[in-house]
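Order of appearance sets the numbers: ligands from 1, and atoms from 1 within every ligand. All values reported here derive from a predicted model rather than from experimental measurement.
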Amino acid sequence: MPGEIDLSRLPEHIAIIMDGNGRWAQKRGLPRVIGHKAGMEAIRKTVKYCSDIGIKILTVFAFSTENWKRPRDEVNYLMNLLTEYMRKEVGTLHHNGVKIKILGEPDMLPAQTRAEIQEAVILTEHNRGLQFNIALNYGGRAEILKACKKLVRCINDGSIDIDSVDEAMFSNLLYTGNDPDPDLIIRTSGEQRISNFLLWQGAYSELMFTDRLWPDFDEKELRSAILEYQSRDRRFGALK
Ligand code: FPP
């Protein structure tokens, strides 16, 4: 039984690479997509738990720019799941003060999915509880490149002076805007990679890897990740 987490020293921003849905299903002799369905349940519970204990921001990696390479049926299933999640959950999320934000390029998503997402974002935009960032058609390198292009355009049109550019200004141009960087990045399923997720923002994040497959991730697992985080010595390059 893990000890008690210190609610006064919670990570402000937790980010999760939700990996292992396919393997979870295959281990049970089920089609991969059933793993995604179970993964959606794990998201629901994680959002609830983070919201209940007072985490400020939760970011999940729901669909990467590389995930389009999966079989068309799987991509369609994921898009339908997202649509369903938005439709079914938005009321409860809104009621609990959750604010939904999308990181990435939703333009390429099916119109129906985009519409549900847009509605959920607009409905919840003034909420002050947990900010739930969903990385969708997201890639960290593409995000940095896009910010660079914006910056160069502003420098060229004279609205930004190149000598005034600093890290804070650059951060603001990313999808995350002025969100604080993730304090903790968790990846499930035993893989130990960052996979193009929050490359800039994760510069000083504590990394946590668990063998648990995403659909099996639960409150207990999150509590032990937070406990582990609270036992780490974050120095940001300085001495203690
Ligand atoms: C990784 O498992 C998981 C994904 C690529 C998709 C996660 C997305 C959802 C659960 C959809 C719903 C999202 C929201 C925000 C409601 P994998 O398929 O790569 O697993 P594997 O490595 O075992 O094959």
Side-chain angles (χ1 to χ4, degrees), residues 14-51 55 57-94 96 98-106 108-110 112-121 123-124 130-140 175 185-198 209-218 221-222:
I14 298 178
I16 308 183
I17 302 175
M18 312 178 290
D19 200 6
N21 292 349
R23 276 164 284 167
W24 183 92
Q26 276 158 352
K27 263 174 53 181
R28 288 163 176 76
L30 299 167
R32 288 177 51 81
V33 292
I34 301 302
H36 295 316
K37 178 116 188 148
M40 190 173 82
E41 274 307 300
I43 294 178
R44 221 173 43 75
K45 289 189 217 148
T46 304
V47 170
K48 167 104 179 50
Y49 180 65
C50 287
S51 169
I55 298 293
I57 304 180
L58 170 70
T59 300
V60 297
F61 203 175
F63 196 86
S64 75
T65 44
E66 286 68 42
N67 286 153
W68 296 107
K69 295 179 202 151
R70 295 191 175 202
R72 181 139 49 107
D73 284 353
E74 184 170 338
V75 171
N76 289 343
Y77 189 94
L78 278 168
M79 294 301 149
N80 288 337
L81 257 189
L82 259 164
T83 318
E84 181 189 323
Y85 177 85
M86 293 295 163
R87 200 177 289 147
K88 281 199 188 149
E89 291 295 317
V90 73
T92 312
L93 295 172
H94 186 45
N96 292 330
V98 175
K99 172 181 172 159
I100 297 171
K101 174 167 155 177
I102 303 298
L103 314 181
E105 299 294 325
M108 281 166 73
L109 306 185
Q112 179 69 18
T113 311
R114 264 190 347 249
E116 293 291 342
I117 290 171
Q118 179 77 348
E119 215 172 287
V121 168
L123 178 71
T124 62
L130 174 74
Q131 180 176 311
F132 179 34
N133 289 341
I134 306 176
L136 261 184
N137 194 20
Y138 172 90
Y175 299 124
I185 298 181
I186 301 169
R187 182 173 189 144
T188 57
S189 92
E191 311 291 347
Q192 303 198 355
R193 289 186 291 276
I194 282 298
S195 300
N196 207 14
F197 187 48
L198 302 177
F209 300 101
T210 164
D211 287 338
R212 221 22 111 89
L213 303 175
W214 174 249
D216 290 329
F217 192 85
D218 57 12
E221 193 72 9
L222 185 52

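Ranking protein heavy atoms by distance to atom 19 (O) of ligand 1, first place goes to Arg70 NH2, 2.8 Å. Distance from atom 22 (O) of ligand 1 to its nearest protein heavy atom, with residue and atom name: Arg23 NH2, 2.9 Å. Nearest protein heavy-atom contact of atom 14 (C) of ligand 1 is Ile43 CD1, 3.4 Å. The shortest contact between atom 9 (C) of ligand 1 and any protein heavy atom is with Leu78 CD2, 4.0 Å. If you check which protein heavy atom lies closest to atom 1 (C) of ligand 1, you get Met18 O, 3.0 Å.
Panel note: side chain Trp24, backbone Gly35; no donor-acceptor pair is recorded below 3.5 Å. The closest donor-acceptor contact from the side chain of Asn196 to the backbone of Gly140 lies under 3.5 Å. Although no hydrogens or angles enter the test, the distance criterion places a donor-acceptor pair under 3.5 Å between the side chain of Thr124 and the main chain of Ile100. Side-chain N or O atoms of Tyr138 include one that pairs as donor or acceptor with a backbone N or O of Leu198 at under 3.5 Å.
Counting only N and O atoms by type, the side chains of Glu105 and Tyr175 include a donor and acceptor under 3.5 Å apart. Side chains of Thr210 and Thr188: no donor on one and acceptor on the other come within 3.5 Å.
Counted within 6.0 Å of NZ on Lys37, heavy atoms from surrounding residues, nucleotides or ligands total 12 or fewer; the atom is thus considered open.
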query: Yes or no on side-chain contact (heavy atoms from CB on, under 4.5 Å) for Arg187 and Phe197, after CA distance, side-chain angles and deciding distance?
result: CA-CA 11 Å; Arg187 182 173 189 144; Phe197 187 48; over 6 Å; no
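Geometrically, ligand 1 and Arg32 share a nitrogen or oxygen pair separated by less than 3.5 Å. Ligand 1 has an N or O atom lying under 3.5 Å from an N or O atom of Gly20, backbone or side chain. Ligand 1 has a nitrogen or oxygen under 3.5 angstrom from a nitrogen or oxygen of Asp19. The shortest N or O to N or O distance between Ala62 and ligand 1 is not below 3.5 Å. Between Tyr85 and ligand 1, not a single N/O pair is under 3.5 Å apart.
In the vicinity of Ile134, heavy-atom distances shorter than 4.0 Å reach the ligand 1 atoms 15 (C).
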